[in-house]
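These notes are about the structure you will find just below.
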Amino acid sequence: MEETSTMPDAAVPGPAPAVPPTPPVPLAALLAREDLGLRQIAGPQDSATVIHWAHTSEMADPYPYLLGGELLLTAGVHVPEAAGSGTYFDDYVSRIVEAGGAALGFGVAPVHDTVPRALVVACDDYGLPLVEVPPRTTFSGVARAVWQLMAQARHTELRRVTEAQQSLAAAAARPDPVPSVLRQLAQRVGGRATLYAPDGGEVASAGRMPGAGGAGGGGEVSGALAGLVAVVRPTTRDGSGGVSASGGGGGPTPSSASDTAAGVHLAAYALGTGQGFVLGVAAPRRDPGDHTIASVGAVLLSLLTGEHQSSTGAARSSALVRLLLGAAPEEVAPLLGGGERWVVVHARPDSPAPDAVTASALGAALGSALVDVDGDVVRVLVPAGHRELTVQPGWTCGVSAPVGAHDWASADTQAGRALSRARATRARLVRHGEHQGLTDLVPPTEAAAHARTLLSPITANPALTETLRTWLSLHGSWDRTAVALSVHRNTVRQRITRCATLLSTDLDDPDVRMELWFALRHA
């Protein structure tokens, strides 16, 4: 019988058999084809057994012609008459297993009427699935069926990747883009996705760590993933001889790696943020499309954690320089891409103090890259009217009134006060100046003059003024005022008593409180 092969006979397998990008075919799917009539007669009945291609060979030693993952088809032309009484079949099967063959298909007729019993025993001994090919089924028909199944699997895989890309893109547009992208990525690969900071700490993660069922299994996998992340993180030497993180720009860098730990597939992708962030992925298996899906997630996370457009960054730098050199805010505002009106947002996360990544993600959700991290508060300067500012999951926010660029400082103060009120009242978002009423009937200039006169005894002490404002806004609650100002409740009592003394008034009188609140609103 003539030998046929889709691979050159001179091919020599390397230490790691090459696998094509096309998804493999489960052996069970091939056995289920009724038109072929195939029957497994030896070897493990494992649903995880897959075939990467079909190869026909009548060589006594097929090892040099196998790449791994094949269904090797033979009619037994190479089998000598006395093979059943010696070690021929043991040697033959052991070489197939050593080469990484996935299964052996033996054709019945015209050379052999039945599959040799010694071959069945050898396949059982070495754990190689043995498939009987009936006389009516040609080897070319089996190979064609393999490629048909591979084409179907390829189509299914492409559809899975496309759907994953769409869901990841939709996640990046959510108010909480970084956690949303990680959640979608973890769901699509059936494992865990983690974003690592330049110092190696976890910024955010989603999904369940595979291999965590056994004692210490989760910790082992987490440690292995962190180690792989350290390998791919790009580094450069700084002037002091230390090591600092660095990266490219615009997407995931070529430095990615994969490994396995405790039967779990691990992968790491250095993001092109210029800051050394790395995406780590742990999955229970390695499907062909998972790398593509993870790469899409890496691109999106690069955009969310880094500079979106170099031209935008250059404009912001130019605006900063002009401000430092004495230009008025209204002169530099056009460089920032906004209109004539702006809103300042102060936000505080539910989790510990924010970092650059979470702050950047919040800015992206609000529609602005003008972000500042000030302790445990993130401040964002947002062009007014570009999008509706809504509650941001995981954040408590205070929003200023829309102002012109010349009133940025006032808007910053408004946003800070709105955030304090939001925290004290446990509201997710408070806007400055909501629910205006009778105060709008008083001309602003007259209201401001009255406020200056009434509050003059305490205006020299900003702490007293702010404490009185917060205390009145919270209906005289000592505890909530202390929380809003981050001071002790006794400090609040002392300051309010001091205000009452300097103002020579009774702060328990509701009329007095109303007048003071009016004055503070227009101060």
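Note: hydrogens, waters and symmetry copies are ignored here, and every other heavy atom, side chains too, is used.
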| query | Do other residues, nucleotides or ligands put more than 12 heavy atoms under 6.0 Å from the CZ atom of R423? | reply | yes

Could you pull out the closest heavy-atom pair between [X] and [Y], with the gap in Å?
X    : Y    : answer
L429 : T390 : CD1-O, 3.6 Å
P210 : A282 : CG-O, 3.6 Å
L279 : G297 : CD2-C, 4.3 Å
R183 : S180 : NH2-OG, 3.1 Å
F277 : A197 : CD2-CA, 3.8 Å
A186 : A193 : CB-N, 3.9 Å

| field | Any donor-acceptor N or O pair under 3.5 Å, side chains T162, R159 | value | no

| message | Whether the Q184 and S167 side chains hold a donor-acceptor pair (N or O, under 3.5 Å, no angle test) is what I'd like checked. | response | yes

| message | I'd like to know whether E157 forms a salt bridge (charged side-chain N to carboxylate O under 4.0 Å, His left out) with R154, so could you lay out the CA-CA distance, the side-chain angles of the two residues, the decisive distance to 0.1 Å, and finally the verdict. | response | CA-CA 5 Å; E157 190 70 5; R154 179 64 172 168; over 6 Å; no

Exam field: side chain [X] to backbone [Y], donor-acceptor pair closer than 3.5 Å:
X    : Y    : value
T459 : S456 : yes
T491 : V487 : no
E340 : G404 : no
T470 : T467 : no
T453 : A449 : yes
S400 : V344 : yes
R192 : A283 : no
R513 : L507 : yes
S486 : A482 : no
S368 : L381 : yes

| task | Could you please spell out the steps behind the side chain to side chain contact (heavy atoms under 4.5 Å, CB included) verdict for V399 and Q414? | result | CA-CA 7 Å; V399 182; Q414 293 174 2; over 6 Å; no

| said: What I want to find out is whether R469 reaches E466 closely enough, with some N-O distance under 4.0 Å, to be called a salt bridge. | reply: yes

| Does R428 come within less than 4.0 Å of D350, counting only side-chain N to carboxylate O? | yes

So, taking the atom named [atom1] in [X] and the one named [atom2] in [Y], what distance separates them when rounded to the nearest 0.5 Å?
X    : Y    : atom1 : atom2 : value
L182 : L301 : CG    : CG    : 5.5 Å
C499 : N461 : SG    : CG    : 8.0 Å
H346 : D374 : NE2   : CG    : 8.0 Å
T413 : H432 : OG1   : NE2   : 10.0 Å
R495 : T465 : CZ    : OG1   : 10.5 Å
L455 : L502 : CG    : CG    : 11.5 Å

Flag the pair [X] / [Y] as yes when at least one side-chain heavy-atom distance between them is below 4.5 Å, and no otherwise.
X    : Y    : value
L389 : R431 : yes
D412 : R379 : yes
W471 : R493 : no
R160 : D290 : yes
N490 : V492 : no
V281 : L266 : no
L516 : L503 : yes
M150 : H52  : no

| field | Axial cation check for W395 ring with R348, 6.0 Å and 45° limits | value | no

| task | Could you label the plane-to-plane angle of the W408 and W342 rings as parallel, tilted or perpendicular, counting under 30° as parallel and over 60° as perpendicular? | result | perpendicular

| task | Begin from the C-alpha positions of R498 and T501 and carry the test side-chain hydrogen bond (donor to acceptor under 3.5 Å, both in side chains) through to its verdict. | result | CA-CA 5 Å; R498 181 63 175 162; T501 301; 5.7 Å; no

| task | Could you walk me through whether L474 and R421 pass the side chain to side chain contact (heavy atoms under 4.5 Å, CB included) test, one step at a time? | result | CA-CA 8 Å; L474 298 174; R421 182 168 179 80; 4.1 Å; yes

| request: Determine, step by step, whether V25 and Q152 satisfy the side chain to side chain contact (heavy atoms under 4.5 Å, CB included) criterion, reporting the C-alpha distance in whole Å, the side-chain angles of both residues, the deciding distance to 0.1 Å, and the verdict. | output: CA-CA 9 Å; V25 175; Q152 295 173 6; over 6 Å; no

| Verdict with supporting geometry, L472 and L520, side chain to side chain contact (heavy atoms under 4.5 Å, CB included) | CA-CA 10 Å; L472 289 173; L520 289 166; 3.7 Å; yes

| message | Under the criterion salt bridge (charged side-chain N to carboxylate O under 4.0 Å, His left out), I'd like the reasoning laid out for D407 against R341: C-alpha separation, chi angles, the key distance, then a yes or no. | response | CA-CA 10 Å; D407 284 330; R341 307 287 284 175; over 6 Å; no

